[in-house]
Amino acid sequence: MTLLSKRLQAVYQMVDTNTRVADIGSDHAYLPVELIEQGIASYAIAGEVAPGPMSRSKKDVDKFGLSGKIDVRLGDGLSVIKENDHIQTVVIAGMGGILIQDILTRATVEQLSHVQTLILQPNIGEPLVRHWLVENNFKIVDEDIVAEDNHVYEIIKAQKTDAAISLSEPEFLMGPILIQKKTPTFVAKWQHKLQGYHKAVTNMKRAKQIDQAKIDVMNQYIKYIEEIL
């Protein structure tokens with residue numbers, strides 16, 4: 001685990017053994033290198049959207065002598081995946097929830113044709129990602145939350161299903177499995193958020209023009225969090 005940050009280690013832990021992986025926005029191909037080195041993945045694509053990061057990833061892959069098992073490709077989102085790659089697991093880590101949602105929405109049927117598992121790590125906007133998963137028949141099967149460098153990251157693992165899925169509003173907001181696990185990092189995150197929401201409501205009530213709709217949303221979040229914690 002030499003190359004991986006705490007955040008990427010948490011992502012790594014969620015990858016099933018003997019799978020074919022595409023890591024989108026690969027960041028030096030650290031994750032694909034580790035997955036191949038440790039015998040977790042049998043093949044990997046490191047996707048980069050810009051030539052600079054792509055050449056850096058290529059250098060790292062070559063340095064470890066893994067160019068036979070890791071393809072570094074230039075392309076936007078899932079456009080780096082071809083149907084005959086037989087990619088089963090897609091990782092998208094280190095982006096905002098809006099961007100992750102956008103990348104998945106733009107993916108074609110061919111690109112997702114063999115994909116059974118999505119491992120997503122949004123930096124912000126986690127509820128947007130959960131909404132996309134539910135709407136596209138991916139069931140959340142695992143979640144993790146880690147604190148690193150003054151930021152808290154959530155990692156979501158979901159698998160394709162034919163069954164209809166539904167989540168409650170608190171589950172969209174806070175994560176169905178994270179709510180069950182209720183780790184100290186999870187509790188700390190939401191206690192901090194709770195204070196922020198309380199403060200925001202107080203300030204909004206003092207404003208010259210009161211935005212009641214916004215206050216109602218904040219109060220709803222406060223209610224959900226207090227019920228869970």
Side-chain angles (χ1 to χ4, degrees), residues 7 10-25 31 35 40-45 47 77-146 153-183 185-186 189-190 217 220-221 223-225 227-229:
R7 171 181 71 86
V11 173
Y12 169 93
Q13 299 290 348
M14 288 200 183
V15 179
D16 298 316
T17 40
N18 200 26
T19 188
R20 293 171 72 84
V21 179
D23 184 24
I24 305 303
L31 185 67
L35 288 168
I40 303 292
S42 55
Y43 167 80
I45 293 168
L78 299 195
S79 69
V80 296
I81 300 174
K82 307 288 172 270
E83 192 173 358
N84 62 2
D85 293 323
H86 293 274
I87 292 300
Q88 298 150 311
T89 301
V90 168
V91 175
I92 311 176
M95 303 178 199
I98 291 175
L99 183 54
I100 291 176
Q101 187 189 41
D102 179 54
I103 286 170
L104 291 170
T105 301
R106 285 187 289 119
T108 65
V109 172
E110 288 76 34
Q111 287 156 11
L112 286 171
S113 59
H114 300 282
V115 174
Q116 291 300 314
T117 305
L118 297 173
I119 300 169
L120 310 171
Q121 182 268 297
N123 291 344
I124 53 167
E126 299 88 354
L128 293 171
V129 172
R130 293 190 184 101
H131 274 284
W132 188 93
L133 291 169
V134 166
E135 285 157 19
N136 292 274
N137 292 93
F138 278 89
K139 181 182 181 3
I140 296 171
V141 293
D142 198 7
E143 292 179 305
D144 199 359
I145 184 166
V146 296
Y153 300 100
E154 294 183 12
I155 300 99
I156 303 163
K157 178 179 181 175
Q159 287 175 335
K160 192 85 182 123
T161 178
D162 294 329
I165 314 151
S166 64
L167 293 181
S168 66
E169 286 306 319
E171 287 173 330
F172 278 122
L173 180 67
M174 302 168 80
I177 293 174
L178 290 176
I179 287 170
Q180 289 169 26
K181 290 182 178 176
K182 215 182 276 190
T183 63
T185 307
F186 172 86
K189 170 182 174 163
W190 288 106
V217 170
Q220 198 60 61
Y221 287 166
K223 181 171 164 282
Y224 295 150
I225 298 164
E227 279 171 3
I228 300 299
L229 297 184

(request) Might you point out which heavy atoms bring A10 and V146 nearest each other, and give the distance in Å? (result) CB-CG1, 4.0 Å
(message) Could you go through N137 and D162, starting from their C-alpha distance and side-chain angles, then the distance that decides it, and tell me whether this counts as side chain to side chain contact (heavy atoms under 4.5 Å, CB included)?
(response) CA-CA 7 Å; N137 292 93; D162 294 329; over 6 Å; no
(message) Quick check: do I92 and L104 have side-chain heavy atoms less than 4.5 Å from each other?
(response) yes
(request) Taking all heavy atoms of V21 and all of I87, pick out the closest pair and write down the distance. (result) O-CD1, 3.6 Å
(request) Would you check if F138 and Q159 make a side-chain contact, meaning some heavy-atom pair closer than 4.5 Å? (result) no
(request) Could you grab the distance from atom CG of L35 to atom OG1 of T19, nearest 0.5 Å is fine? (result) 9.5 Å
(request) First locate atom CD of Q101, then atom CH2 of W132, and finally report the distance between them rounded to the nearest 0.5 Å. (result) 9.5 Å
(message) So which atom in S113 and which in E83 form the shortest heavy-atom distance, rounded to 0.1 Å?
(response) OG-CG, 3.4 Å
(request) Output the distance between atom CD1 (I100) and atom CD (E126), rounded to the nearest 0.5 Å. (result) 9.0 Å
(request) Would you confirm whether T161, through its side chain, and A163, through its main-chain N or O, come within 3.5 Å as a donor-acceptor pair? (result) yes
(request) Indicate yes or no: at least one non-hydrogen side-chain atom of L78 is less than 4.5 angstrom from one of R106. (result) no
(message) Donor-acceptor check, side chain of R20 to backbone of A44, threshold 3.5 angstrom: yes or no?
(response) no
(message) Any donor-acceptor pair under 3.5 Å linking the side-chain atoms of Q121 with those of N123?
(response) yes
(request) Please report the closest heavy-atom contact between L31 and V91, naming both atoms and the distance. (result) CD2-CG1, 3.8 Å
(request) Indicate yes or no: does D16 engage K157 in a salt bridge with an N to O separation below 4.0 Å. (result) yes
(message) Quick check against the 3.5 Å criterion: does N136 have a side-chain atom that pairs as donor or acceptor with the backbone of L133?
(response) no
(message) Within the 4.5 Å heavy-atom criterion, are K160 and V115 side-chain neighbours or not?
(response) no
(request) Using the salt bridge (charged side-chain N to carboxylate O under 4.0 Å, His left out) rule, take E143 and K182 through it: C-alpha gap first, then chi angles, then the decisive distance, then the call. (result) CA-CA 11 Å; E143 292 179 305; K182 215 182 276 190; over 6 Å; no
(request) Could you walk me through whether T117 and Q88 pass side chain to side chain contact (heavy atoms under 4.5 Å, CB included), step by step? (result) CA-CA 6 Å; T117 305; Q88 298 150 311; over 6 Å; no
(message) Ignoring hydrogens, what is the shortest heavy-atom contact between N18 and S42? Give both atom names and the distance.
(response) OD1-CB, 3.8 Å
(message) Can you tell me how far apart CG (L118) and CE (M14) are? Round to the nearest 0.5 Å.
(response) 12.5 Å
(request) Report yes or no: does Q180 contribute a side-chain atom to a donor-acceptor pair with the main-chain N or O of I177 at less than 3.5 Å? (result) no
(message) side chain to side chain contact (heavy atoms under 4.5 Å, CB included) for K181 and F186? Distances and angles first, verdict last.
(response) CA-CA 9 Å; K181 290 182 178 176; F186 172 86; over 6 Å; no
(message) Does the plane of the ring in H86 sit parallel, tilted or perpendicular to the ring in H114? Use 30° and 60° as the thresholds.
(response) tilted
(message) So for atom CG, which belongs to L229, do other residues, nucleotides or ligands contribute more than 12 heavy atoms lying within a distance under 6.0 Å?
(response) yes
(message) How close do I179 and E171 get, counting heavy atoms only, and between which atoms?
(response) CD1-CA, 3.9 Å
(message) Under a 3.5 Å distance rule, please check whether E227 uses its side chain to pair with a backbone N or O of Y224 as donor and acceptor.
(response) no
(request) Measure the CD-CD1 distance between Q111 and I24 for me, rounded to the nearest 0.5 Å. (result) 8.5 Å
(message) With a 6.0 Å cut-off (strictly less than), is the heavy-atom count around NZ of K139, excluding the residue itself, greater than 12?
(response) no
(request) Give, for atom CG of L120 and atom CG of L128, the distance between the pair rounded to the nearest 0.5 Å. (result) 12.0 Å
(message) For V90 and I81: C-alpha separation, side-chain torsions, deciding distance, then whether side chain to side chain contact (heavy atoms under 4.5 Å, CB included) applies.
(response) CA-CA 10 Å; V90 168; I81 300 174; 3.9 Å; yes
(message) Side chains of V15 and I119, heavy atoms from C-beta outward: is any pair under 4.5 Å?
(response) yes
(request) Identify whether the distance between the nearest side-chain nitrogen and carboxylate oxygen of E154 and R130 falls below 4.0 Å. (result) yes
